[in-house]
Structure formats: structure tokens, C-alpha cells
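If you read the sequence from its start, that first residue is 1, and numbering goes on from there.
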Amino acid sequence: MSEHEKRPTADRDQTHKETGEDQAPPEETQDNGAEVSTDSTTPGVPEAAIPELVIISGMSGAGRSTAAKCLEDLGWFVVDNLPPALIPTMVELGARSQGNVARIAVVVDVRGRRFFDNLRDSLADLESKNVTRRIVFLESSDDALVRRFESVRRPHPLQGDGRIVDGIDAERELLRELRGDADLVIDTSSLNVHELRAKMDAQFAGEEEPELRATVMSFGFKYGLPVDADLVADMRFLPNPHWIPELRPFNGLNEEVSAYVFNQPGAKEFLDRYAELLRLIAAGYRREGKRYVTIAIGCTGGKHRSVATAEKLAARLVAEGVETVVVHRDMGRE
């Protein structure tokens with residue numbers, strides 16, 4: 001047995017106190033007698049794993065939802081109307097996600113009512129844990145806010161039995177201190193949705209241009225147009241493989257069907273020109289802040305021509321770096 005092991009317990013404890021070695025973090029005792037660690041770091045989580053945090057707040061009607069949606073489109077994990085007391089818990093869960101949740105945006109506003117009072121304590125807790133956080137505050141003039149509430153015919157969440165301006169005044173008072181702590185204040189009084197998104201992109205997109213995500217959907221006209229389609233192309237100008245007995249049982253995923261479709265006059269030319277048109281449209285969508293597009297490709301039954309074309313078009317988009325999902329809505333429906 002070593003000298004250290006022979007030393008009485010009291011002596012070893014005194015040595016630890018003097019040298020600072022092997023000391024456990026200080027603990028507190030709750031009312032029920034349980035001991036709670038007060039260590040400021042998240043146990044078992046390296047500091048590098050702690051996600052970046054943005055808190056979005058500001059005046060009701062000033063564009064918080066638009067700002068949150070912009071960050072969501074940029075790849076942030078967004079939580080709307082989270083009680084402030086749960087923000088540190090949300091950050092800890094993100095830290096334990098093994099890098100899957102590296103950036104979290106939380107929308108905090110007066111809809112939380114009494115929960116909003118906990119925000120100051122949560123911010124102090126985050127600071128003690130070395131969490132990188134930014135506060136984005138959306139501001140707007142009284143006149144602009146009144147117009148917006150009147151246009152949607154909804155009351156201000158704090159107006160009660162009073163007027164819209166009463167609710168605005170009450171909210172400004174509640175948010176006064178938070179506005180002073182904000183890292184970024186955006187006045188949206190004269191901004192439209194696209195201009196606000198552009199400002200958020202400029203702050204958070206970094207060097208990379210925000211990506212456009214595409215869904216390419218084949219469908220059959222006899223089952224109706226997709227209600228969520230942004231663009232619709234009609235492939236019924238090509239001969240229908242349905243009338244070729246040896247091709248009828250198959251669909252556009254079959255190589256023989258695809259070869260038949262694209263050996264028809266105009267098929268390859270259509271694909272080339274439509275892909276070129278989509279490049280032009282995609283650039284405009286990005287400028288206008290649109291991040292998602294659904295491209296619907298239709299034929300009579302949604303089985304042959306539309307499926308084959310959707311697959312070819314999606315492959316073109318993927319080759320150009322567009323994140324693309326292919327959906328064959330009506331294939332197998334007949």
C-alpha cells in the first residue's frame with residue numbers, strides 16, 4: 001500500500017483543499033434534501049459541441065416570423081414561442097446531438113406572458129455556460145404596426161379591452177431592456193418581406209448564397225393538378241407509351257420506357273431548354289428570397305412520360321448543385 005493510501009482520510013481531504021486537486025464542483029441542497037451540482041459547464045459535453053444560438057424577439061407585427069423562417073431556410077433549427085426558461089435546456093439538447101444541431105434559433109416574445117419574465121435569468125445562465133448567443137430585435141414604428149394589425153384584422157396580444165396602440169405601448173415597455181441588449185436591431189417600418197429576408201441573409205448566410213431546394217413531382221392530369229406546384233410542365237405533346245403493348249405494363253423508371261420517351265422528336269430539346277429556363281428562374285427566386293420550389297411534370301396518367309422526364313430533370317438539377325427531391329404522385333395509381 002502506498003504512503004498516499006495509508007494517509008488518514010481527514011489528512012487527504014485537507015491536502016485536496018490546500019492543493020485544489022480532485023475537488024468536485026460545489027453543490028447546493030434543494031428543499032427536498034437533494035444535492036444539485038452548480039458547475040457552470042454542461043456535464044459530459046465538450047465546449048466545442050455547444051450550438052450557436054440566436055434569440056429572435058421584438059415587436060408583434062414587426063416580422064419575427066419572417067426572420068425565423070429565413071434562418072430555418074439557412075439550416076438553423078428554429079423553435080417558435082419557446083418559454084425562456086427552457087432555452088438552456090434546448091441548448092444542452094443541441095450540444096448532445098453529436099453535431100446534428102449546430103445552430104439554434106429561438107423566437108421569444110410577449111405571447112409567453114409570465115414566462116417572459118424568466119428571460120433575464122436564462123440569458124445569465126447561458127453566459128455562465130459560455131454559450132455564443134446573439135439577440136436579433138425586430139423594431140417598427142407605431143404607424144406601421146397599427147396598419148399591419150388592421151390589415152389582418154387581429155388584435156394586438158397585449159391590447160386587452162383597449163386599442164391596438166395601447167397594446168403596442170405595453171409591449172414596448174416590456175421589451176425596452178431586451179432591445180437595449182440586442183446585438184442586431186432591424187427596423188422593418190419601410191421593409192417588405194423580401195427586403196427583410198435580404199437583411200437576415202446578409203447577417204447570417206455568410207459567404208455562401210442561400211441554397212434553393214427543389215421538389216420535382218410527376219403527376220397525371222386526369223387526377224388533377226398538384227395544388228402546391230410553382231411550375232407545371234405538360235409532357236402530353238409526346239407520344240404515349242401506354243399505346244405500346246410491350247411498354248404499357250412498365251413505368252417511366254424503366255430504362256426501355258425512358259429511352260422510348262427521349263427518342264421522340266422534341267423530348268431532348270425540351271429537357272435542355274426547360275433546364276436552362278429553370279436556371280434563370282432559380283436565380284430570380286434566390287434574389288426574391290424564395291428558397292423552395294415545386295416543379296410539377298404532368299402527363300395523362302402520371303406513369304410513363306412524366307415519370308421519365310421528372311427523373312431526367314432531377315438529375316440535371318442535382319448535377320448543378322440544387323438539393324432535389326423526386327416525388328411520383330400518381331405512379332401505381334391506375
Side-chain angles (χ1 to χ4, degrees), residues 69-70 72-75 100 194 197 201 205-334:
K69 182 62 177 175
C70 182
E72 186 175 33
D73 290 345
L74 292 173
N100 292 320
H194 305 306
R197 292 188 67 108
D201 284 346
E207 298 296 327
E208 299 180 2
E209 185 178 8
E211 294 182 357
L212 178 69
R213 299 181 178 91
T215 297
V216 180
M217 177 188 299
S218 68
F219 73 97
F221 278 97
K222 70 179 182 179
Y223 300 115
L225 286 168
V227 296
D228 56 345
D230 298 295
L231 302 167
V232 177
D234 185 353
M235 304 309 298
R236 290 177 295 181
F237 71 93
L238 297 174
N240 192 348
H242 175 80
W243 302 115
I244 309 298
E246 57 269 27
L247 297 179
R248 181 180 301 175
F250 302 108
N251 57 51
L253 298 178
N254 181 269
E255 184 59 36
E256 286 79 6
V257 172
S258 181
Y260 174 84
V261 170
F262 284 97
N263 281 330
Q264 302 304 315
K268 293 179 180 177
E269 290 81 359
F270 169 83
L271 186 63
D272 291 338
R273 295 185 184 183
Y274 198 61
E276 183 178 351
L277 177 63
L278 288 178
R279 282 192 289 271
L280 177 65
I281 294 173
Y285 278 164
R286 290 189 179 99
R287 287 193 298 270
E288 291 300 309
K290 184 175 176 63
R291 300 289 175 256
Y292 300 91
V293 59
T294 297
I295 305 162
I297 310 294
C299 64
T300 303
K303 178 180 178 180
H304 296 110
R305 294 164 292 181
S306 62
V307 172
T309 304
E311 289 289 330
K312 292 284 188 182
L313 183 61
R316 293 278 188 101
L317 293 175
V318 170
E320 294 179 8
V322 178
E323 185 177 329
T324 306
V325 175
V326 184
V327 177
H328 300 301
R329 191 191 74 175
D330 298 324
M331 190 172 68
R333 190 170 178 177
E334 75 285 347

Which atom names give the shortest non-hydrogen contact between [X] and [Y], and what distance separates them?
X: Ile297; Y: Met235; result: CG2-CG, 3.5 Å
X: Asp330; Y: Gly220; result: OD2-N, 2.7 Å
X: Ser218; Y: Gly302; result: OG-O, 4.5 Å
X: Met217; Y: Thr294; result: CE-CG2, 4.4 Å
X: Gly301; Y: Lys222; result: CA-CE, 4.0 Å
X: Ala314; Y: Val326; result: CB-CG2, 3.3 Å

Got a sec, which residues hit salt bridge (Lys or Arg N to Asp or Glu O under 4.0 Å) with [X], two or more places apart in sequence or on another chain?
X: Glu72; answer: Lys69
X: Arg273; answer: none
X: Glu276; answer: none
X: Arg248; answer: none

#### Entry: Trace of the side chain to side chain contact (heavy atoms under 4.5 Å, CB included) decision for Phe262 with Leu238
CA-CA 9 Å; Phe262 284 97; Leu238 297 174; over 6 Å; no
#### Entry: Pair listing, salt bridge (Lys or Arg N to Asp or Glu O under 4.0 Å) test, anchored in residues 254-266, at least two apart
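Those involving residues 254-266 do not exist here.
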### Query
Can you pull the salt bridge (Lys or Arg N to Asp or Glu O under 4.0 Å) pairs that have at least one residue in residues 299-309, sequence neighbours excluded?
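The answer is Lys303-Glu334.
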### Query
Can you list every side chain to side chain donor-acceptor pair (under 3.5 Å) pair that touches residues 229-240, not counting sequence neighbours?
Asp230-Lys290, Asp234-Arg236
### Query
Tell me the side chain to side chain donor-acceptor pair (under 3.5 Å) pairs involving residues 257-272, sequence neighbours left out?
Asp272-Arg316
### Task
If a pair satisfies ring pair (Phe, Tyr, Trp, His ring centres under 6.0 Å) and one of its residues is in residues 230-259, list it, with sequence neighbours excluded.
Phe237-Phe270
### Query
Looking at residues at least two apart in the chain, or sitting in another chain, which of them share a side-chain hydrogen bond (donor to acceptor under 3.5 Å, both in side chains) with Ser306?
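So Ser306 forms no side-chain hydrogen bond (donor to acceptor under 3.5 Å, both in side chains) with any residue.
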### Message
I want to check something: taking the side chain as every heavy atom from C-beta on, are Leu225 and Phe219 in contact at a cut-off of under 4.5 Å?
### Response
yes
### Query
With a 4.5 Å heavy-atom cut-off, do Ile244 and Glu246 have their side chains touching?
yes
### Query
Yes or no on side chain to side chain contact (heavy atoms under 4.5 Å, CB included) for Val216 and Leu317, after CA distance, side-chain angles and deciding distance?
CA-CA 10 Å; Val216 180; Leu317 293 175; 3.8 Å; yes
### Task
Please lay out, stage by stage, how Val307 and Leu253 fare under the test side chain to side chain contact (heavy atoms under 4.5 Å, CB included).
CA-CA 7 Å; Val307 172; Leu253 298 178; 3.9 Å; yes
### Task
Mark yes or no for whether Arg213, through its side chain, and Asp73, through its backbone, hold a donor-acceptor pair below 3.5 Å.
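Looks like yes, one N/O pair under 3.5 Å.
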### Query
What residues, two or more places apart in sequence or in another chain, satisfy side chain to side chain contact (heavy atoms under 4.5 Å, CB included) together with Leu231?
Tyr274, Leu278, Ile281, Tyr285, Val293, Ile295
